[in-house]
Amino acid sequence: MTNKIQFFKTAIIQTALFTATFAGVVSCKNDAKPENTKEVAEDHNDAKFSADKEKDAQFLVNATEINLEDIQMGKLAQERGAIADVKELGKMMEEGHTKCQNELDGLAKRKQVTLPAAITDKGQESYKKLNEKQGIKFDKEYCDMMVENHKDAIAKYEKVVAESNDQEIKDWANATLPALRAHLDHAITCQKKCEKL
């Protein structure tokens, strides 16, 4: 009988310890920072594809990162822009990159590529930095960001057009380049106007 009581006591203590430990793990997990959806997408694609296809998948992930950031920044520019040109640029960015992302979602689905579901940590930091500016300082910062972002985007798209072995991805990237170049031209024009103010 004593052995049975001892056994039950031990079992109760072990259950209590397990419950406390599990609760602690769940609590820590809930306090943790949400996962970066770009990293999650990259991990999924790394596991799925060979090196060659993984490069194409990485391009689609990067293109999504660009789109999601430019859509958010565009919305902010429409709300916070001090001059009409900046508000118009923001509208152009939101509409253009939303269209681009809709096409990209379809392409990624056909290629079975996982894409980020939300703006990255880096994008959120840029958004926060921009959101802290006001008036003409906001306008200048936004135009500078859009010029830099679009130079970077064009370089990525041109690289995949030159190097990818996937004809559908090459064709899509090539067809998207004129819109990106138009965005860059518009951003440069806006940047020059802001410099004069």
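Remark: K137 pairs with no residue by the side chain to side chain donor-acceptor pair (under 3.5 Å) rule, at least two apart or across chains. For K140, the side-chain contact (heavy atoms from CB on, under 4.5 Å) partners are I136, C194, not counting sequence neighbours. Remark: E141 pairs with K129 by the salt bridge (charged side-chain N to carboxylate O under 4.0 Å, His left out) rule, at least two apart or across chains. Take Y157 and apply the ring-ring contact (aromatic ring centres under 6.0 Å, His included) test, not counting sequence neighbours, and it matches F59, W172. With sequence neighbours excluded, the residues satisfying side-chain contact (heavy atoms from CB on, under 4.5 Å) with V161 are A173, N174, L177. For A82, the side-chain contact (heavy atoms from CB on, under 4.5 Å) partners at least two apart in sequence or on another chain are D139. Looking at residues two or more places apart in sequence or on another chain, you find no salt bridge (charged side-chain N to carboxylate O under 4.0 Å, His left out) involving E88. Among residues two or more places apart in sequence or in another chain, the salt bridge (charged side-chain N to carboxylate O under 4.0 Å, His left out) test is passed with E95 by K91. For H150, the ring-ring contact (aromatic ring centres under 6.0 Å, His included) partners are H97, H183, not counting sequence neighbours.
Here the CG-NZ distance, from N165 to K170, works out to 7.0 Å after rounding to the nearest 0.5 Å. The CG atom of N131 lies 9.5 Å from the CE atom of M73; values are rounded to the nearest 0.5 Å. One finds the OG1 atom of T114 at 3.0 Å from the NZ atom of K48 (value rounded to the nearest 0.5 Å). The CE atom of M93 sits 11.5 Å away from atom CG of N67, with the distance rounded to the nearest 0.5 Å. For the atom pair CD1 (I169) and CG (L60), the distance works out to 4.5 Å, reported to the nearest 0.5 Å. Atom-to-atom distance recorded for E103:CD and T176:OG1 is 5.5 Å, nearest 0.5 angstrom.
Minimum interatomic distance between A117 and L68 (heavy atoms only, all atoms of both residues): C-CD1, 4.4 Å. When all heavy atoms are compared, the tightest approach of Q191 to V147 is OE1-CG2, 3.7 Å. Taking both residues in full, the closest heavy atoms of C143 and A187 are given as CB-O, 4.3 Å, listed atom of the first, atom of the second, then distance. Closest approach of P178 to A175, counting heavy atoms only: CD-O, 3.4 Å. Here the closest non-hydrogen pair linking G81 and V86 is CA-CG1, 3.9 Å.
Side-chain N or O atoms of K111 include none that pairs as donor or acceptor with a backbone N or O of E168 at under 3.5 Å. N45 contributes a side-chain N or O that, together with a main-chain N or O of A41, makes up a donor-acceptor pair within less than 3.5 Å. Judged purely by atom type and a 3.5 angstrom limit, R80 has no side-chain atom pairing as donor or acceptor with the backbone of L130. Without hydrogens or angle criteria, Q78 side chain to G74 main chain gives a donor-acceptor distance under 3.5 Å.
By the 6.0 Å contact criterion, CD on E148 is open, its count of non-hydrogen atoms from other residues, nucleotides or ligands being 12 or less. Within a 6.0 Å sphere centred on NZ of K87, other residues, nucleotides and ligands contribute more than 12 heavy atoms. When the shell of 6.0 Å around CD of E195 is examined, it contains more than 12 heavy atoms from other residues, nucleotides or ligands.
The stretch residues 53-75 participates, sequence neighbours left out, in these salt bridge (Lys or Arg N to Asp or Glu O under 4.0 Å) pairs: K38-E65. Applying the ring-ring contact (aromatic ring centres under 6.0 Å, His included) test to every pair with at least one member in residues 66-94, sequence neighbours left out, gives no pairs at all. Listed by first and then second residue, the salt bridge (Lys or Arg N to Asp or Glu O under 4.0 Å) pairs involving residues 171-187 are E158-R181 (not counting sequence neighbours).
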Handout entry: Steps toward salt bridge (charged side-chain N to carboxylate O under 4.0 Å, His left out) verdict (K156, D152)
Key = CA-CA 6 Å; K156 283 183 168 85; D152 180 52; 2.9 Å; yes

Determine, step by step, whether T98 and Q101 satisfy the side chain to side chain contact (heavy atoms under 4.5 Å, CB included) criterion, reporting the C-alpha distance in whole Å, the side-chain angles of both residues, the deciding distance to 0.1 Å, and the verdict. CA-CA 5 Å; T98 299; Q101 190 56 43; 5.8 Å; no

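Hydrophobic clustering (ILVMFWY, side-chain heavy atoms < 4.5 Å, transitive): F49 and L115 are in one cluster. With hydrophobic clusters built from ILVMFWY side chains whose heavy atoms lie under 4.5 angstrom apart, I66 does not share a cluster with L107. Residue V113 is grouped with residue V160 when hydrophobic side chains (ILVMFWY) are merged at heavy-atom distances under 4.5 angstrom, including chains of intermediate members. Residues I154 and I71 do not share a hydrophobic cluster, defined by chaining ILVMFWY side chains whose heavy atoms lie under 4.5 Å apart. M145 and Y127 fall within the same hydrophobic cluster, defined by Ile, Leu, Val, Met, Phe, Trp and Tyr side-chain heavy atoms under 4.5 Å apart, directly or through other members.
Considering only heavy atoms from C-beta on, T189 stays 4.5 Å or farther from H186 through its side chain. Looking at heavy atoms from C-beta onward, L76 lies in side-chain contact with F138 at the 4.5 angstrom threshold.
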